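Residue numbering restarts at 1 for every chain, and letters A, B, ... go by the order of the sequence lines. Predicted, not measured: the structure shown is a model, and the values here were computed from it.
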Amino acid sequence: MPALQEADVERVRALISAVPAGRVTTYGDVARAAGLGNARLVGWILRTDGADVPWHRVVRADGTLAPHLVQEQARRLRAEGVAVAADRVRLPQHRHAFPA
DNA sequence: GAGCTGACACGGC
DNA sequence: CGCCGTGCCAGCT
């Protein structure tokens with residue numbers, strides 16, 4: 001099976017757009033919900049086609065933020081009421097669960 | 001065509 | 001808690 005298709009990209013974008021403000025999700029969760037199986041692809045999609053989606057609500061599996069985004073991402077999250085300390089968010093509190 | 005890089009995850013140490 | 005190596009897929013030298 002081909003790894004990535006146009007439909008997959010749209011699915012990922014839709015999933016991320018479905019995350020409500022004040023909550024966050026992880027790359028792994030999005031990948032799993034979209035049926036990708038590879039969290040890295042989620043990052044790739046956001047890098048290329050994620051300018052118009054709430055990408056700041058997507059964090060790593062341990063709650064940390066990527067180095068080049070931490071500034072902007074932390075700023076946007078705090079604006080939504082998400083506590084960000086030491087480049088990391090508290091997943092247990094803000095994590096958004098996708099329907100299986 | 002080979003190799004490196006990256007908005008990642010996970011198991012070891 | 002942190003650092004490292006490995007697996008993963010796509011894009012660029």
When rounded to whole Å, the CG to P distance for the pair D62(A) and dG2(C) reads 9 Å
Original post:
Heavy atoms under 4.0 Å, any strand shown: does R88(A) hit a base, just sugar-phosphate, or nothing?
Top reply: sugar-phosphate
From CG of L69(A) across to P of dG6(B) the rounded distance in Å is 13 Å
Check your understanding: Can you find a pair of side-chain heavy atoms, one from V89(A) and one from H94(A), that are under 4.5 Å apart?
Key -> no
Rounded to whole Å, CH2 of W55(A) lies from P of dA7(B) at a distance of 12 Å
Assign each of T48(A) and R40(A) the nucleotide of DNA chain C bearing its closest heavy atom; nearer the 5' end lies the nucleotide of R40(A)
Rounded to whole Å, NE2 of H56(A) lies from P of dA7(B) at a distance of 19 Å
task: Could you please spell out the steps behind the side-chain contact (heavy atoms from CB on, under 4.5 Å) verdict for Q73(A) and V59(A)?
output: CA-CA 9 Å; Q73(A) 187 162 19; V59(A) 303; 3.9 Å; yes
Test side-chain contact (heavy atoms from CB on, under 4.5 Å) applied to L36(A) and R11(A), step by step: CA-CA 10 Å; L36(A) 290 184; R11(A) 224 172 297 135; 5.8 Å; no
Separation of dT6(C) atom P from N38(A) atom CG, nearest Å, is 18 Å
Rounded to whole Å, CD1 of I45(A) lies from P of dA10(C) at a distance of 10 Å
Item to complete: Taking atom CD of Q71(A) as the centre, report whether more than 12 heavy atoms of other residues, nucleotides or ligands fall under 6.0 Å from it.
Response: no
Of dC10(B), dA7(B), dA10(C), the nucleotide closest to the side chain of A61(A) is dC10(B)
When rounded to whole Å, the CZ to C1' distance for the pair R60(A) and dC3(C) reads 13 Å
Of the candidates dC8(B), dC9(C), dG11(C), the side chain of A66(A) sits closest to dC8(B)
Item to complete: Could you tell me whether R47(A) contacts a base, only the sugar-phosphate backbone, or nothing, with contacts defined as non-hydrogen atoms closer than 4.0 Å?
Response: base
D29(A) atom CG is separated from dC8(B) atom C1', nearest whole Å, by 12 Å
